[in-house]
Colleague: 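First the structure, then my questions, so here it is.
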Amino acid sequence: MKEYEHLKLEKKWQILWEKKGIYHAQNNSKKPKYYSLIEFPYPSGDGLHVGHPRPYIGMDIISRKRRMEGFNVLYPIGWDAFGLPTENYAIKTGKDPRAVTKKNTDTFRRQIKSLGVSFDWSREINTTDPKYYKWTQWIFLQFLKKGLAYKAKIAINWCPKDKTGLANEEVVGGVCERCGTPVEKREKEQWMLAITKYAEKLDKDLDTVDYLPQIKLAQRNWIGKSEGAEIEFLVGKKIVKVFTTRPDTILGATYLVLAPEHELVQKLKDKIKNWNEVEKYIKEIKNKTDIERTAEDKTKTGVELKGIKAINPANKEEISIWIADYVLATYGTGAIMAVPKHDERDRDFAQKYNLPIVDKPLVDAKEITKKVGGKMVVKFKLRDWVFSRQRYWGEPIPVIHCEKCGIVPVPEKNLPVELPKIKNYEPTDSGESPLANISKWVNTKCPKCKGKAKRETDTMPNWAGSSWYYLRYADPKNKKVFADKKNLKYWTPVDWYNGGNEHTTLHLLYSRFWHKFLYNEGLVSTSEPYKKRTAHGMILGEGGVKMSKSLGNVINPDEIVKIYGADTLRVYEMFMGPFNQSVAWSTESIIGARRFIEKVWRIGKGISENQKNFSGPRFSEAPNPGQAVQNSSDFLSIRKLFHKTIKKVTEDIEEMHFNTAISAMMILATEMEKTEKIETEDFKKFLQILSPFAPHITEEIWSILGEKKSINVSLWPRWDKDLIQDENVKIVVQINGKVRTEIFIKSDEKEEEIKEQTIKNEVVLRYLAGGEAKKIIYVKNRLINIVV
RNA sequence: GCCCGAGUGGCGGAACUGGUAUACGCGCACGACUUAAAAUCGUGUCUCGUAAGGGAUGUGGGUUCGAUUCCCACCUCGGGCACCA
């Protein structure tokens with residue numbers, strides 16, 4: 001056996017694995033299936049940085065373990081390649097976004113392959129491929145058919161820098177999620193998807209999936225279900241409907257507040273005596289950005305609608321009506337009954353404008369609602385999804401505007417509507433997509449009446465392609481349907497989906513919505529797309545700051561692979577900290593992972609050259625993995641340690657506790673090296689449990705030891721229950737809760753005997769001198785505490 | 001403001017269900033090997049104390065034979081939501 005040359009060795013196996021296609025998922029297999037998924041990357045021009053592979057390696061470990069457990073594993077990858085960075089780059093350089101995407105995906109593919117991740121590359125997909133987005137457009141047409149895609153003139157979030165509309169989910173703290181520019185409001189005709197129709201299901205069905213609790217919670221908060229009552233207040237002959245979660249406080253309602261945009265305000269114009277003042281206020285509010293409206297120290301403002309009054313239906317009292325910016329037009333009914341006694345916001349407002357605060361008694365919520373003719377209702381904070389973008393690099397919305405027929409869907413047989421190649425990708429200030437300038441493409445015939453018509457020039461948001469990509473993996477090359485039903489039935493749902501927390505209320509929610517719609521249409525076989533969802537932490541730059549080009553602290557995995565090898569990088573990334581937590585990169589610390597890998601190589605070498613081979617256990621006791629090894633290897637059974645380590649690694653992988661799994665294997669490796677002889681079969685089991693983490697070196701040693709088949713298709717080792725039991729156990733002796741000494745006992749020894757034995761111990765006697773043991777607490781195989 | 005999550009050596013982090021706090025790794029120090037260096041191996045490495053022993057898991061209390069773990073109050077950091085009636 002030669003020296004460890006990671007570059008040669010890793011390349012060799014990567015080529016061989018690819019040639020044999022051992023990571024290809026089989027569509028017709030008798031094995032049980034396992035579908036593991038990572039969020040497919042956006043192929044940016046900067047290439048991979050060391051943060052990208054962390055989730056890939058994590059799920060790779062799960063996938064490799066599943067293969068060895070006998071599953072037919074689908075672990076696919078593709079490219080979520082539509083989006084602004086590529087388009088902006090195209091604008092700057094005058095290059096075709098297609099060419100830019102090709103170049104970027106080539107780089108990403110090469111880099112990911114160099115890490116030995118066991119993706120099934122035969123199923124690679126790309127959202128910008130017309131063969132793919134044909135089906136994104138097709139699904140849109142299904143939404144349209146069912147009335148869930150509709151056009152509406154609404155005030156949308158407009159990013160003046162990116163010159164495009166944004167969904168609510170893409171606005172973070174009043175600024176554009178992507179570029180940080182403060183978002184403006186613009187009235188525009190937009191395509192909308194009626195995600196709110198699924199609000200109830202999206203909320204309720206969270207009970208049926210295995211997501212991390214904080215992910216469920218974040219989705220629940222975003223959907224924002226609340227139960228309350230709609231109650232009507234009479235205003236002259238007109239009616240104001242309010243929504244309240246506290247109908248029981250209605251006797252304390254001393255005024256009404258409408259959102260400034262509330263329709264009734266305009267309708268009552270004639271009766272409002274201070275109309276000039278009211279109109280001025282409405283105008284002021286309209287010109288405010290979200291940031292100004294929600295500024296922290298902002299006090300509430302409002303204007304009374306003088307000349308009109310409302311009647312509280314519970315006690316028939318006349319109360320005043322106000323408009324104020326603290327009431328939102330987009331939630332509930334856009335109007336509230338103000339109860340300053342019980343609601344802090346109403347109280348603030350009442351105090352500022354000297355409105356009555358009365359302490360009327362509480363009444364039964366349901367009874368009073370019924371009595372005043374109201375009804376119990378459920379409201380959601382979730383808004384419909386603004387689905388139009390006024391940019392080039394996205395899926396064209398497959399719709400035609402006909403002068404006579406109105407909106408006409410592009411016939412399914414004419415899909416895909418391909419993006420035309422153009423020279424200028426610059427978005428326009430008018431808020432139109434650059435596609436609007438391509439008259440040759442825009443002007444078309446109406447599919448219905450064959451008359452003059454124009455194509456829709458808005459494109460879809462980059463969340464469109466990613467809302468269903470996991471379905472396409474089940475059947476990525478199908479030309480007739482988005483995926484064959486049989487394949488969908490076999491592969492879905494995704495068994496384990498790992499991704500970033502930043503997608504909880506975006507991609508994760510959107511794709512659940514699409515999936516539920518497709519399920520309703522009978523097009524997919526499960527009501528939820530993902531059975532289990534976990535999240536990984538980010539890798540930060542050295543010192544704990546974000547890795548970014550502007551800070552110049554981005555680490556390229558290419559360099560690490562070159563210097564240390566893919567196996568070392570993989571082990572390091574899994575070892576550096578808990579998988580679900582952010583950790584700072586430390587190039588200095590990688591050496592630890594490399595030393596471990598080299599140690600494994602040395603032991604393998606020793607065994608293959610027959611210097612370390614041995615049969616039968618030599619020692620009698622082993623420490624627990626993760627516990628201190630008390631040097632004396634004569635005392636340890638290396639074989640027991642093998643089995644304890646198999647157990648620990650097997651269990652830790654399932655919990656994504658990769659760091660502690662590696663720690664246990666490091667302990668075992670250190671012990672192996674200290675031990676003169678090791679049984680080859682035991683060592684092979686160690687190679688197997690290490691192989692998901694370090695697939696190349698383990699495959700190499702595996703083959704050197706005479707195995708003909710890949711370690712990837714070997715059977716995951718089991719631990720021997722008897723071997724992980726210790727006959728002799730060390731227990732700690734405490735006196736008054738302080739550790740004083742330790743004794744060794746047989747693990748099956750009776751409690752009484754142990755206690756007796758302890759009392760006679762000389763150290764214990766010394767502490768007992770004069771006093772007497774009041775109480776003795778024994779915790780099996782752990783400790784004994786004597787209270788004096 | 002509200003809701004999550006976290007706070008442990010010089011650093012990244014361990015600790016099952018309340019049971020030896022600081023595993024594993026980095027760094028550092030010393031030693032072995034070497035002409036030397038690197039690599040590797042070994043030993044040590046929370047803190048005060050010569051020792052016996054004492055003190056430390058953000059701070060202050062509590063429950064318990066025993067608390068990093070449970071409870072209460074507070075501080076700091078990270079994340080989410082943010083006038084949602």
Side-chain angles (χ1 to χ4, degrees), chain A residues 172-174 212-215 217-218 220-222 224-226 228 242-246 249 257 293-294 296 298-300 324-328 330-339 342-346 348-349 379-383 501-502 504-505 537 543-544 571-572 575-578 580-593 595-596 598-599 602 623-629 631 648 651 657 659-667 670 673-674 730-742 773-788:
Chain A
V172 177
L212 290 178
Q214 64 267 32
I215 297 176
L217 198 74
R220 285 226 153 90
N221 288 341
W222 187 263
K225 180 177 177 171
S226 77
V242 307
F243 173 67
T244 175
T245 52
R246 297 290 307 273
T249 64
V257 188
R293 267 187 93 142
T294 57
E296 270 189 46
K298 190 183 166 306
T299 55
K300 294 176 178 50
D325 62 347
Y326 82 95
V327 172
L328 307 174
T330 48
Y331 183 74
T333 59
I336 61 157
M337 62 177 207
V339 185
H342 290 280
D343 186 287
E344 213 177 309
R345 294 156 301 179
D346 296 342
D348 286 349
F349 192 78
K379 298 279 180 195
F380 296 93
K381 289 184 202 170
L382 189 69
R383 302 269 71 88
N501 277 322
E502 70 276 19
T504 302
T505 55
V571 168
Y572 174 63
F575 182 66
M576 60 197 297
N580 60 2
Q581 218 169 280
S582 296
V583 216
W585 180 262
S586 163
T587 299
E588 196 182 59
S589 301
I590 299 173
I591 191 69
R595 283 178 189 149
F596 168 61
E598 283 176 2
K599 190 178 279 185
R602 281 198 306 271
N624 287 311
Q627 281 187 359
V629 175
N631 61 59
K648 173 133 183 86
E651 291 172 352
H657 293 164
N659 53 338
T660 50
I662 292 169
S663 151
M665 289 189 282
M666 283 173 165
I667 292 168
T670 303
E673 199 161 42
K674 274 195 227 159
K730 183 180 84 180
I731 64 169
V732 166
V733 180
Q734 293 185 335
I735 291 163
N736 287 338
K738 283 198 195 296
V739 180
R740 294 305 177 188
T741 184
E742 49 196 38
K774 262 192 212 158
K775 200 172 167 187
I776 302 176
I777 293 136
Y778 174 63
V779 182
K780 196 167 188 323
N781 292 347
R782 277 202 188 274
L783 110 178
I784 186 157
N785 187 14
I786 302 169
V787 187
V788 184

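Naming convention: chains lettered A, B, ... in sequence-line order (proteins, then strands); numbering from 1 in each chain.
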Colleague: Base, sugar-phosphate alone, or nothing: which one does A:Ile591 contact when heavy atoms must sit under 4.0 Å apart?
Modeller: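 Sugar-phosphate: the residue A:Ile591, judged by heavy atoms under 4.0 Å, touches backbone atoms but no base.
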Colleague: Classify A:Gln734 by what it touches in the nucleic acid, base, sugar-phosphate, or nothing, heavy-atom distance under 4.0 Å.
Modeller: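 If one applies the 4.0 Å heavy-atom cut-off, A:Gln734 turns out to touch a base.
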Colleague: I want to check one thing: is the phosphate of B:rG55, taken as OP1 and OP2, less than 4.0 Å away from some side-chain N or O of A:Lys738?
Modeller: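 Yes, such a contact exists.
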Colleague: At under 4.0 Å between heavy atoms, what does A:Pro578 touch on the DNA or RNA strands: base, sugar-phosphate, or nothing?
Modeller: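 Sugar-phosphate, backbone atoms only, no base.
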Colleague: May I ask you to evaluate whether A:Tyr331 reaches the phosphate of B:rA85, defined as a side-chain N or O under 4.0 Å from OP1 or OP2?
Modeller: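 True: A:Tyr331 side-chain N/O within range (under 4.0 Å) of B:rA85 OP1/OP2.
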Colleague: Does A:Val787 reach a base, just sugar-phosphate, or nothing at all? Heavy atoms under 4.0 Å.
Modeller: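 It contacts sugar-phosphate atoms only.
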Colleague: Would you mind classifying the nucleic acid contact of A:Asn785 as base, sugar-phosphate or nothing, using non-hydrogen atoms under 4.0 angstrom?
Modeller: base
Colleague: A:Leu217 near the nucleic acid: base, sugar-phosphate alone, or nothing, with a heavy-atom cut-off under 4.0 Å?
Modeller: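 It contacts sugar-phosphate atoms only.
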Colleague: Within the structure shown, what part of the strands sits under 4.0 Å from A:Lys599 by heavy-atom distance: base, sugar-phosphate, or nothing?
Modeller: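 Touches sugar-phosphate only.
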Colleague: Checking all strands, does A:Asp346 fall into the base, sugar-phosphate, or nothing category for heavy-atom contacts under 4.0 angstrom?
Modeller: nothing
Colleague: Would you mind classifying the nucleic acid contact of A:Arg220 as base, sugar-phosphate or nothing, using non-hydrogen atoms under 4.0 angstrom?
Modeller: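 Touches nothing.
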Colleague: With a 4.0 Å cutoff (strictly under), does any side-chain N or O of A:Arg595 reach OP1 or OP2 of B:rC24?
Modeller: no
Colleague: Should the ring pair A:Tyr326 and A:Phe349 be called parallel, tilted or perpendicular, given that the plane angle runs from 0 to 90° and is split at 30 and 60?
Modeller: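 Judged by the thresholds at 30° and 60°, the geometry between A:Tyr326 and A:Phe349 is tilted.
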Colleague: When we call it a touch if two heavy atoms are under 4.0 Å apart, what does A:Ser226 touch: a base, just sugar-phosphate, or nothing?
Modeller: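 Contact class for A:Ser226: sugar-phosphate only.
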Colleague: Would you kindly check whether a donor in the side chain of A:Lys300 faces an acceptor in the base of B:rC83, or vice versa, at under 3.5 angstrom?
Modeller: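 Per atom types, the contact qualifies.
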Colleague: Counting only side-chain N and O atoms of A:Asn659, is one of them less than 4.0 Å from OP1 or OP2 of B:rC24?
Modeller: no
Colleague: Please classify the glycosidic conformation of B:rG58 as syn (within 90° of 0) or anti (everything else).
Modeller: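 Anti conformation here, the glycosidic angle of B:rG58 being more than 90° from 0.
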Colleague: Taking any heavy-atom pair under 4.0 Å as a contact, classify A:Thr245: base, sugar-phosphate, or nothing.
Modeller: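 Sugar-phosphate, backbone atoms only, no base.
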Colleague: Remember a base hit wins even if backbone is also touched, and classify A:Val583 as base, sugar-phosphate or nothing at under 4.0 Å, heavy atoms.
Modeller: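 Contact class for A:Val583: sugar-phosphate only.
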Colleague: Please determine whether a side-chain nitrogen or oxygen atom of A:Arg602 lies at a distance below 4.0 Å from atom OP1 or OP2 of B:rC41.
Modeller: yes
